Amino acid sequence: QVQLVESGGGSVQAGGSLRLSCTDSDYTYSGYYMGWFRQAPGKEREGVAAIDFYGSTSYAESVKGRFTISKDNAKNRMYLQMNSLKPEDTAMYYCALDFGDLRKYPLNPTVYRYWGQGTQVTVSS
């Protein structure tokens, strides 16, 4: 059973950095997409970055050049390195996974079936 757990959130000042991790120690993935999503209070959940099994990545325009998604298949772990953080990056961040072919819409949260509980990121000005 897929159980995703995020870690690494916290509070940081604008311009700072955080690295989020997502892991599931009970499952070995093959042929999947994984992504990071965020949801701020009163807003819809939005895609931040996604990565497929082979390492191809997609990013939301708002985070390009600042965030980097990566993964370690051997450790079943995915990361989101967030640099140059802005107050508008403040949100609950979720990792998600799906085994389907999501190449046409990797940042669409509605197509992912498995979700973690989220980790809060707060960026102060």
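Every value quoted in this text rests on a predicted model; they were computed, and no experiment measured them. If you read the sequence from its start, that first residue is 1, and numbering goes on from there. The figures that follow rest on heavy atoms only: side chains count, while hydrogens, waters and symmetry mates do not.
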TODO: Mind checking side-chain contact (heavy atoms from CB on, under 4.5 Å) for Glu88 and listing every partner two or more places apart, or none if nothing turns up?
DONE: Lys86
Task: salt bridge (charged side-chain N to carboxylate O under 4.0 Å, His left out) against Lys64, all qualifying residues, sequence neighbours excluded - done: Glu61
Task: Residue pair Ala40 / Ala91: nearest heavy atoms and the distance that separates them - done: N-CB, 3.8 Å
- [ ] Supply the atom-to-atom distance Gln3 CD to Tyr114 OH, rounded to the nearest 0.5 angstrom.
- [x] 11.5 Å
TODO: Please name the pair of heavy atoms, one in Pro109 and one in Trp115, separated by the smallest distance, quoted to 0.1 Å.
DONE: O-CZ2, 3.2 Å
TODO: Name all residues meeting the side-chain hydrogen bond (donor to acceptor under 3.5 Å, both in side chains) criterion together with Asp89; count only those two or more places apart in sequence or in a different chain, and write none if there are none.
DONE: Arg38, Arg66
Task: Point-to-point distance, once rounded to the nearest 0.5 Å, from CG of Leu97 to CD1 of Ile51 - done: 12.0 Å
Task: side-chain contact (heavy atoms from CB on, under 4.5 Å) between Leu20 and Met82, worked out - done: CA-CA 8 Å; Leu20 306 183; Met82 304 186 295; 3.7 Å; yes
- [ ] Please round to the nearest 0.5 Å and tell me the distance separating atom CD of Glu46 and atom CG of Asn108.
- [x] 12.5 Å
TODO: Sorted by first residue and then second, give each side-chain hydrogen bond (donor to acceptor under 3.5 Å, both in side chains) pair with at least one member in residues 6-20; sequence neighbours left out.
DONE: Ser17-Asn83
- [ ] Look at the rings of Phe67 and Tyr93 and say which category their plane angle falls in: under 30° parallel, 30 to 60° tilted, over 60° perpendicular.
- [x] tilted
Open item on the list: Restricting to non-hydrogen atoms, name the atom on Leu80 and the atom on Ala49 that form the minimum distance, rounded to 0.1 Å.
Closed with: CD1-CB, 4.2 Å
TODO: Say whether, by atom type as modelled, one donor and one acceptor occur between the side chain of Thr90 and the main chain of Val123 under 3.5 angstrom.
DONE: yes
Task: Shared hydrophobic cluster, Tyr79 / Tyr54 (ILVMFWY, side-chain heavy atoms < 4.5 Å) - done: no
Open item on the list: Can you pull out every disulfide (SG to SG under 2.5 Å) where at least one residue sits in residues 90-125? Sequence neighbours excluded, please.
Closed with: Cys22-Cys95
TODO: Establish whether Val5 and Val48 are linked, either directly or via other cluster members, by ILVMFWY side-chain heavy-atom contacts under 4.5 Å.
DONE: no
Open item on the list: How close do Ser58 and Pro106 get, counting heavy atoms only, and between which atoms?
Closed with: OG-CG, 3.4 Å
Task: Donor-acceptor contact below 3.5 Å, side chain Tyr33 vs main chain Leu107 - done: no
TODO: Tell me, please, which residues at least two apart from Gln39 pass side-chain hydrogen bond (donor to acceptor under 3.5 Å, both in side chains).
DONE: Arg45
Open item on the list: When you compare the side chain of Leu4 with that of Tyr94, does any pair of heavy atoms fall below 4.5 Å?
Closed with: no
Task: Side chains of Lys71 and Tyr32 in contact at under 4.5 Å (non-hydrogen atoms) - done: yes
- [ ] Look only at the side chain of Tyr59 and the backbone of Gly65, and say whether a donor-acceptor pair between them is shorter than 3.5 Å.
- [x] no
Open item on the list: If you apply the rule salt bridge (charged side-chain N to carboxylate O under 4.0 Å, His left out), what do you find for Asp72 with Arg77, and how did you get there?
Closed with: CA-CA 5 Å; Asp72 185 333; Arg77 191 162 292 179; over 6 Å; no
